[in-house]
Amino acid sequence: MRTLHFLLILIGLIAVLLTSCEEEYIPITNTDLQKIVVEAYIEKSEEGIPPYVILTKSLPFYTDFGLNILDQLFIHDAKVFINTNNQKVELQEICLNEVPAELRESLAKRFGLNLDSVSVNFCVYVDIQGLLQISEGIEYRLNVYADNDSVMSTGVIPPLVPIDSIWFEDVPGKPLDSFLQLFCKIVDRPVEKDYYRYFTAGEGEALIPNFSSVTDDYFFNGQSFKFILQKASAPGEDFNETTGYFRKGDSIEIKWCVIDKSQFDFWNTLEVSRTRQGPFSSYVRIDGNISNGLGIFGVQNCKYYKMVVPN
Amino acid sequence: MYRIFLLLFFFSLLYTSHAQKKYTINGYITEKSTGESLVGANLYLKKNPTVGAISNNYGFYSITLSEGYYEFVFSYTGYNNVEFSLELNADTTIHVKLNQGILMDEIVITSDELKKNVESNEMGTIDLDVESIKRLPALLGEIDALKALQLLPGVSSATEGTAGLYVRGGGPDQNLVLLDEAVVYNTGHLLGFFSVFNSDAIRNTKLIKGSMPAEYGSRISSVIDVQMKEGNDENYSIEGGIGLISSRITAQGPVQKNKSSFIVSARRTYALDLAQPFINQTSYAGTNYYFYDLNTKINFRISEKDRLYLSGYFGRDVFKFNSGDRAFSVELPYGNATSTLRWNRIIKENLFANVSFIYNDYNFQLKGGQEEFQVRLNSGVKDFSFKTDFDFYPNPTHHVKYGLRHTYHQLTPNIVNATNGEVDFVSNLKKKYAHEAEIYVSDDWKFNSGLSLNYGIRLSAFVFMGPYFSSSRNINFSKGQVVKTYFVPEPRIVFNKKLDANSSLKGGFTIASQYLHLVSNSGSTLPTDIWVPSTEVVKPQIGLQYALGYFKNIFNDHIETSVEVYFKDLRNQIDYRESYVEMFSAEVENEFVYGKGRAYGIEFFLRKKKGRLNGWIGYTLSKTERWYDGIENGRVYPAVFDRPHDLVIVGSYQINKNWQLSSNFIYATGRAYTPIQSLFIINGRPNVEYGPRNSSRLDDYHRLDLSITYDNRANHKKQFYSSWVFSIYNIYNRKNPFFLYTDLNSNILTGNAKARAVKVSIFTLIPSIVWNFYWDNTKRELR
């Protein structure tokens with residue numbers, strides 16, 4: 001239903017842009033208020049991705065993010081722990097440049113990166129040894145100590161609600177011979193409130209989320225429900241007639257996750273914040289779950305689906 | 001509550017003075033050429049101008065005097081006086097018809113009209129007649145009553161070019177907007193760029209921004225009382241205009257001369273209609289946008305004592321978007337429909353009654369989807385109201401008003417129906433129902449020649465009914481069950497102490513309550529904003545306003561001036577919680593936070609009504625603040641519409657009988673907004689971390705508008721004449737920031753990402769041209 005607000009903004013913008021002019025400016029930001037930014041995930045899935053934490057600092061507003069700025073982005077030498085009632089695991093920092101070349105591509109892809117397009121020395125804290133036991137229903141507590149500061153968060157992995165069936169159909173409207181639209185069906189749990197997020201990857205691409213990647217089960221609670229999975233667009237990619245569709249013959253991948261409420265709130269507010277702009281919109285403060293910091297500690301139960309788009 | 005009302009009614013019915021024999025003269029004051037009622041017209045004794053009366057909202061006057069000989073004067077702004085003498089020895093009914101003043105010569109302002117600034121008990125009240133509004137330069141040539149009100153001190157707009165109003169620090173839902181006594185819930189077309197009021201159908205617009213009289217309630221900030229014309233009961237006429245954005249036409253005339261009349265007025269946009277042949281050649285065939293307004297009214301003089309009126313307003317915005325390539329379509333129809341059936345009766349010579357039945361329907365819909373995926377959303381408000389008002393004139397020193405109103409509200413939250421072709425979904429959110437009732441009594445009392453009071457009280461009650469689930473009491477209330485009742489007494493008092501013949505000191509205190517709320521999550525009100533009732537969770541808003549002013553006329557009453565200070569204490573204010581995003585799954589009241597507000601300021605006003613050159617200067621120095629426990633731990637922050645400095649200069653100069661020049665200059669402190677504090681990276685992309693709410697300001701706002709009007713009315717004996725209005729909005733092309741946006745759509749990790757922050761200005765220098773025409777079946781003299 002963000003579409004409704006988006007459409008109203010579209011009407012207003014049509015009226016506005018007929019007689020408008022733009023002027024770039026640089027917001028004055030306060031560098032003294034720098035915060036620790038956490039992007040952390042614990043994922044239960046058959047892929048066996050280890051828990052990881054990306055630690056960065058918040059930035060002043062720059063118009064050009066060159067390497068000299070981005071090299072200062074990552075927080076190094078932090079102490080990062082994930083605890084449960086039975087375990088306390090410290091995560092180790094690894095950076096892309098330190099990883100043997102033959103492993104870099106697979107590692108990059110695991111974190112949703114296309115190695116060819118990554119220029120920075122991407123660093124992440126990982127449970128390298130796979131010590132942390134990953135189960136549904138267990139509370140995980142994240143604690144980070146860095147730069148004389150600390151942040152923390154908690155999360156419980158929800159049960160998996162897998163995709164029940166998945167198939168392709170012709171695109172709606174104007175026929176596109178080389179593309180198909182992807183549908184899936186799930187059977188939602190009747191009592192509990194469920195939250196979902198999905199990622200898509202085209203041929204040779206990394207898994208990335210769409211601009212509207214999360215939903216709750218309000219419209220289909222406890223029901224078998226069919227909906228469309230749109231192919232995600234990379235940042236900066238223009239909208240065109242094939243946006244959202246999959247090319248015939250491509251090997252694609254879908255990552256389907258059940259997430260908790262705090263992660264749903266985070267992505268929901270973040271995605272609306274990106275799209276809600278204009279004279280009739282007020283700001284949306286992104287609702288993270290990092291105490292004393294910014295970002296997300298996301299616990300999720302995921303399943304991966306690989307398939308070839310039929311010809 | 002109703003027993004008090006009955007007591008007042010029977011008292012006024014039975015009241016007779018037992019002093020020296022007294023008799024009443026009463027009647028209607030109307031415009032001679034059209035039969036339109038004149039509201040607020042003056043009647044006074046020529047030899048003792050302090051004794052008099054004012055016509056009420058329906059043009060009725062009444063004055064009770066001792067038996068004797070009197071010379072009466074009837075006057076009204078822009079009209080020639082009527083005088084007559086009478087030996088008053090019986091109750092007498094005299095209907096008075098006033099002629100409009102001569103167009104070219106000095107506008108006829110009688111001295112008593114000019115003294116109204118000093119002598120009336122009204123504070124913060126301004127009447128804007130349609131002719132004054134039509135003289136103002138207008139954006140794209142579209143004359144707009146609500147935008148004209150924005151040129152007054154203490155009134156500001158939400159955003160550039162929009163018709164939403166913020167009055168003395170109050171929110172847009174805190175203004176009671178009435179059209180012929182019907183509440184108008186959504187006052188804007190095209191997201192507020194144009195108001196719903198067609199100026200050709202409007203007779204008068206009154207703004208009360210302080211010291212609201214007891215007959216008004218349900219909102220805590222201001223009253224905007226718009227009255228429709230009644231229709232010319234003497235002659236037929238057709239008038240209209242063709243502009244760049246819309247065109248309008250109005251037809252009026254007698255059904256039976258001097259007995260009944262009608263008026264029908266319509267307006268419609270057509271910009272995208274003209275482009276349809278081109279749009280239909282593209283994959284967006286069927287995409288269109290337009291809005292229309294239709295005002296209708298008919299009235300009957302059933303007898304000397306009885307008049308009946310039936311009026312209606314129907315307005316709609318229709319947006320259709322169609323993408324053939326994607327088989328995607330959406331429609332957004334929304335609008336108001338109001339209907340008022342009104343009966344005026346002169347019960348006895350000094351007792352006048354108005355009885356109204358009002359129906360009101362504001363509805364917003366969204367329909368759309370792609371192939372089997374379809375969504376339908378509905379929201380709105382439906383009211384059924386009954387009201388009755390009495391004007392009782394026991395003697396020349398008292399004018400007692402009393403009345404009651406009862407409204408049955410039906411509010412529809414965002415109710416969603418959706419389907420994916422296999423599963424149908426219906427939202428479990430339920431409509432909300434409530435009864436709202438008020439009685440009031442007030443007295444306008446001329447204590448002596450130097451002191452007068454307007455004092456009164458309004459008692460309001462609100463009953464919220466089921467269906468409703470109370471999570472605090474864990475009770476499911478079925479339809480019709482009482483969930484919560486509120487009762488608020490609202491005293492009102494204004495005093496006027498005359499200091500000398502040309503100056504006075506006025507002060508007032510008002511308590512007002514509000515039971516329906518429009519909580520907006522945008523920078524301006526949108527049709528998607530929903531009205532919610534007070535429930536057991538949502539408390540009524542309460543507003544206390546204190547005002548004190550010094551009013552003085554100078555240069556032989558040619559210039560009226562005033563300085564007014566005010567303080568508003570706003571309680572139970574409502575806003576959305578931080579990080580709120582519309583989710584149609586949630587009961588919206590669970591997303592609210594509650595707090596308080598205050599607004600205070602000083603308004604300086606200088607106005608010249610007489611002469612070739614007239615206009616006004618208004619300056620307001622003010623502050624408007626809010627604070628909520630659930631937002632930044634109760635930090636006090638400026639409201640988005642806080643404008644510490646607000647200066648408006650409006651001028652109009654009649655060059656000769658055909659040409660008139662008008663100009664506005666506006667200066668205001670930049671709007672408060674929530675700034676970007678930093679960026680942070682998630683998923684390789686920068687995102688915005690916002691700083692404290694409303695802690696920054698946009699650049700100050702200022703612009704100059706100019707218009708020149710050529711009117712050939714004075715050249716023509718014929719029944720048809722026209723005028724051309726050429727205007728330039730923002731003549732020196734000031735780039736006032738309208739909104740800010742950021743473009744952060746890049747991947748940081750590529751090493752060459754870009755981010756942009758942009759200020760957008762709209763309505764830079766905009767010329768426009770409008771052609772207006774008028775025809776009637778009378779002959780006129782050359783002027």
Side-chain angles (χ1 to χ4, degrees), chain A residues 1 4-5 7-8 11-12 15-16 19-25 27 29-30 33 37 39 56 58-65 67 70 113 117-120 122 172-174 218-220 223 225-227 235-236 241 268-270 272-273 277-287 294-295, chain B residues 159 190-191 193 319 324-327 330 332 366 370-371 377 418 420 422-423 425 521-524 526 528 578-579 581-582 584-585 674-682 685 687-690 735 738-739 741 745-751 753-764 766:
Chain A
M1 294 305 135
L4 168 63
H5 211 94
L7 282 167
L8 283 167
I11 301 169
V16 160
T19 54
S20 68
C21 71
E22 298 186 344
E23 179 187 329
E24 280 197 45
Y25 76 103
T29 48
N30 191 342
L33 297 173
V37 181
E39 190 177 355
T56 55
S58 58
L59 301 168
F61 191 96
Y62 293 105
T63 52
D64 289 293
F65 290 88
L67 284 174
L70 297 174
L113 305 173
S117 58
V118 175
S119 301
V120 299
F122 179 82
K174 181 181 166 187
Y218 178 66
F219 286 99
F220 50 86
Q223 300 191 58
F225 196 80
K226 171 182 95 172
F227 51 93
E241 63 177 3
N268 198 26
T269 51
L270 183 144
V272 169
S273 174
Q277 308 246 29
F280 307 109
S281 303
S282 65
Y283 71 99
V284 175
R285 210 178 285 280
I286 296 171
D287 193 8
L294 300 169
Chain B
T159 47
L190 189 58
L191 307 180
F193 280 113
F319 172 70
D325 282 355
R326 297 227 160 210
V330 67
L332 278 172
L366 165 79
Q370 184 179 51
E371 295 196 328
L377 180 148
N420 66 351
E422 294 175 0
V423 175
F425 167 81
N521 199 28
S522 69
S524 177
L526 291 178
T528 48
E578 285 276 55
S579 304
V581 170
E582 291 86 359
F584 298 95
S585 53
T674 302
I676 295 171
Q677 178 160 288
S678 68
L679 299 182
F680 64 100
I681 308 304
I682 294 289
R685 293 177 58 180
N687 301 277
V688 174
E689 185 204 5
Y690 289 99
K735 293 179 178 52
F738 185 48
F739 69 96
Y741 77 89
N745 197 21
S746 331
N747 191 339
I748 290 286
L749 301 177
T750 59
K754 292 196 185 303
R756 293 171 70 219
V758 182
K759 290 181 195 177
V760 179
S761 305
I762 65 164
F763 303 144
T764 51
I766 299 181

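By convention in this document, chain letters (A, B, ...) are assigned in the order of the sequence lines, proteins followed by strands, and residues within each chain are numbered from 1.
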* chain A interface, residue from B:Lys735, B:Arg326, B:Gln370 that has the most non-hydrogen pairs under 4.5 Å -> B:Arg326
* **Heavy-atom proximity to chain B below 4.5 Å, by part of A:Thr56** =>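 Only the side chain of A:Thr56 comes within 4.5 Å of chain B.
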* Asked: Given a strict heavy-atom distance threshold of 4.5 Å, which part of A:Leu294 is in contact with chain B: side chain, backbone, both, or neither?
  -> side chain
* Asked: Rounded to the nearest 0.5 Å, how far does CG of B:Asn687 lie from CD1 of A:Ile286?
  ->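 It comes to 4.5 Å.
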* Asked: With distance as the sole test, does B:Asn420 use its side chain to make a donor-acceptor pair with the main-chain N or O of A:Lys226 at under 3.5 Å?
  -> yes
Does [X] reach the side chain of [Y], with side-chain heavy atoms less than 4.5 Å apart?
{"X": "A:Val37", "Y": "B:Ile681", "result": "no"}
{"X": "B:Thr764", "Y": "A:Cys21", "result": "yes"}
{"X": "B:Val688", "Y": "A:Tyr283", "result": "no"}

* To do: Output the option from A:Gln223, A:Arg285, A:Lys174 having the highest count of non-hydrogen pairs under 4.5 Å with chain B.
  =>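 Max contact count across the listed options: A:Arg285.
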* Smallest separation among heavy atoms of B:Ala327 and A:Pro172, with atom names -> CB-CB, 3.9 Å
